[in-house]
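What follows is one structure encoded as structure tokens, with my remarks underneath.
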There are 2 protein chains.
Amino acid sequence: MSNGSLEVMQNVSANLRLARQQQGYSQERLAELAGISRRMLVNIEAGESNASIATVDKLASALGMSFAEVVRPPPLADKELGLPLRIWQGVQDDSHGSLLESVLKPGMTLELWRWQLAAGDSYHAEADAPGCHEVLYMLDGQLELLLPQQQQRHVLQAGQSLTFALDQVYSYHNPGLVVCAFTKSILMYPHA
Amino acid sequence: MSNGSLEVMQNVSANLRLARQQQGYSQERLAELAGISRRMLVNIEAGESNASIATVDKLASALGMSFAEVVRPPPLADKELGLPLRIWQGVQDDSHGSLLESVLKPGMTLELWRWQLAAGDSYHAEADAPGCHEVLYMLDGQLELLLPQQQQRHVLQAGQSLTFALDQVYSYHNPGLVVCAFTKSILMYPHA
DNA sequence: ATAACAAGTGCATTATATTGCACTTATCCC
DNA sequence: GGGATAAGTGCAATATAATGCACTTGTTAT
């Protein structure tokens, strides 16, 4: 039992219920997928249970989420496309649900972009000037980064970040089934 | 019981043991501080127990850590596969529903943070060194930024961004009814 | 050598997470 | 109306997390 006062469990119940509803599962179906009883899921969603790590992990997996995602404080609710954005520079939009926009005025030593790539979408970029570095921070979903010159391929998850030099070709790809979102910072001055 | 195969519990045991030793606590002392039995702590550190959320949370608190910190993969996950490329799993620090997460390793000329402020929560900061600039980009909710030295007050909405110099006091406040989230970039110019 | 402390083990006991089932309530559809 | 699905409740039964204690092992210090 245990009262629902534990903050972490409150996060768990809120996140689970939201994710379950967004994916269109009933409690019974999700419990079945996770391999736990529906009774337990009811308790967890109601915040009336102090679940074990394993139980929460089963539910996270069944929903395609990481444990950290389920445990973290309230979700970035309206993740879907079309949230109000103030745009400083032109928007390049490639029709099927992807979105590229510059968050900052151009001409600074820092560029800041917010990107969304639709499921399955890709983007290829040529090499930029030496001394430029990119900082990528995943907000939602998954992103696959390809660096052919280094024969490297990385899959980034929400919450992870990655830094690399921009004097090489690279390409993005969204391997997931849902739209992914990330911020892309470009540092313009030379740096060790 | 449960075998020690669950990845999250492996993280928990490794992180707890490391933090406990770094802070110079014996198992008995930590168990006492956390309000759990020493036997349980032994099991958890040995990875032989599928602990409950509440138990892990008690231990995290006793060590001055956040739940997320205890659950995250060990810091060695700092995988440096290729030299110019770094993946970094953010370090979180959440208290009473707000969340401050360092997205990048410290020590770069660019810092990148992800913040969440609980509804009604505030944060006050003293003046930083000249030459530092902040770029704030709202992801969700509302944020009120106060710059008392300039007698300015700005309310930012999701999608908006704002830049200001850090050589002055400033404070954040979440005036909304829901949690707000934003990224906070700090640019550190070597000079000027 | 003895004492003292920290860490690990085995096991019976207790507390509680988890299950299963029967039931209610509400909504939607034919 | 009746039938179907989804969500929530109460309660006994079971599995297991969590406790307490006695014990071993290893280390350090006097």
Side-chain angles (χ1 to χ4, degrees), chain A residues 1-65 67 70-71 74-75 77, chain B residues 1-65 67 70-71 74:
Chain A
M1 266 178 229
S2 106
N3 54 21
S5 62
L6 187 56
E7 182 186 320
V8 185
M9 275 311 296
Q10 290 178 359
N11 299 338
V12 169
S13 58
N15 290 329
L16 284 181
R17 166 159 271 156
L18 181 63
R20 175 178 66 81
Q21 290 174 340
Q22 283 182 343
Q23 300 186 28
Y25 290 137
S26 67
Q27 289 179 339
E28 182 156 16
R29 179 75 184 126
L30 176 57
E32 183 186 10
L33 286 173
I36 69 170
S37 67
R38 187 178 75 93
R39 192 63 181 85
M40 193 65 229
L41 180 53
V42 170
N43 281 340
I44 292 177
E45 284 195 356
E48 289 166 356
S49 176
N50 166 31
S52 71
I53 300 282
T55 302
V56 174
D57 194 65
K58 285 181 197 168
L59 286 165
S61 302
L63 288 166
M65 306 171 73
F67 184 86
V70 172
V71 154
Chain B
M1 264 178 238
S2 101
N3 52 22
S5 63
L6 187 57
E7 180 186 324
V8 184
M9 275 310 296
Q10 290 178 0
N11 299 339
V12 169
S13 57
N15 290 328
L16 284 181
R17 167 160 272 157
L18 181 63
R20 176 178 66 80
Q21 290 174 341
Q22 283 181 345
Q23 297 187 29
Y25 290 138
S26 67
Q27 289 179 339
E28 182 156 16
R29 179 75 184 125
L30 175 57
E32 183 187 10
L33 287 173
I36 70 170
S37 67
R38 186 177 76 94
R39 193 64 180 86
M40 194 65 229
L41 179 54
V42 170
N43 281 340
I44 292 176
E45 285 195 354
E48 290 167 354
S49 175
N50 167 32
S52 72
I53 299 281
T55 301
V56 174
D57 195 65
K58 285 182 198 167
L59 285 165
S61 302
L63 288 166
M65 306 170 73
F67 184 86
V70 172
V71 152

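These values consider heavy atoms only, across backbone and side chains, with no hydrogens, waters or symmetry-generated copies. Below, chain A is the first sequence line, B the second, and so on; all start at residue 1.
Distances from the side chain of B:Ile36 to the nucleotides C:dT18, D:dT19, C:dT9 place D:dT19 closest. Taking every side-chain heavy atom of B:Ser37 into account, D:dA18 is the closest of D:dA18, C:dT18, D:dG8.
Nucleotide D:dA18 holds its C1' atom 16 Å from the CD1 atom of B:Ile53, rounded to whole Å. If you measure from atom CD of B:Glu32 to atom C1' of D:dG20, you get 15 Å, rounded to the nearest angstrom. The distance between atom CD of A:Glu48 and atom P of C:dT18, rounded to the nearest whole Å, is 14 Å. In this structure, the CE atom of A:Met40 is 6 Å from the C1' atom of C:dT18, given to the nearest Å. Here D:dT16 presents its P atom at 15 Å from CG of B:Leu6, a figure rounded to the nearest Å. In this entry the distance linking CD1 of B:Ile44 with P of C:dA7 reads 15 Å, nearest Å. The CG atom of A:Asn43 sits 14 Å away from the P atom of C:dG20 (whole-angstrom rounding). Here the P atom of nucleotide D:dA6 and the CD atom of A:Glu45 are 14 Å apart, to the nearest Å.
For the atom pair CG (A:Leu41) and OH (A:Tyr25), the distance works out to 13.0 Å, reported to the nearest 0.5 Å. Between A:Leu16 atom CG and A:Gln21 atom CD the span is 11.0 Å, to the nearest 0.5 Å. Here the CG-CD distance, from A:Leu30 to A:Glu28, works out to 11.0 Å after rounding to the nearest 0.5 Å.
Distances shown here put a side-chain N or O of A:Arg17 below 4.0 Å from the OP1 or OP2 atom of D:dG8. Contact annotation: A:Arg38 does not reach the phosphate of D:dT5 (side-chain N/O to OP1 or OP2, under 4.0 Å). For the pair B:Ser52 and D:dA18, the criterion of a side-chain N or O lying under 4.0 Å from OP1 or OP2 is met.
The backbone N or O of B:Leu63 sits less than 3.5 Å from a side-chain atom of B:Gln23, completing a donor-acceptor pair. Formation of a donor-acceptor pair under 3.5 Å by the A:Asn50 side chain with backbone atoms of B:Ala54 is found in this model.
Contacts with DNA chain D (heavy atom under 4.0 Å) in residues 21-29 of chain B: none are found.
A:Arg17 meets the salt bridge (Lys or Arg N to Asp or Glu O under 4.0 Å) test with A:Glu45; sequence neighbours excluded.
Nucleic acid contact class of B:Ala51 (heavy atoms, under 4.0 Å, all strands): sugar-phosphate only.
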Determine all donor-acceptor pairs shorter than 3.5 Å in which one atom belongs to a side chain in residues 55-62 of chain A; sequence neighbours excluded.
unit_1, atom_1, unit_2, atom_2, d
A:Thr55, OG1, A:Ser52, OG, 3.0
A:Ser61, OG, A:Asp57, O, 3.0

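A donor-acceptor contact under 3.5 Å is formed by the side chain of B:Arg39 with the base of C:dG10.
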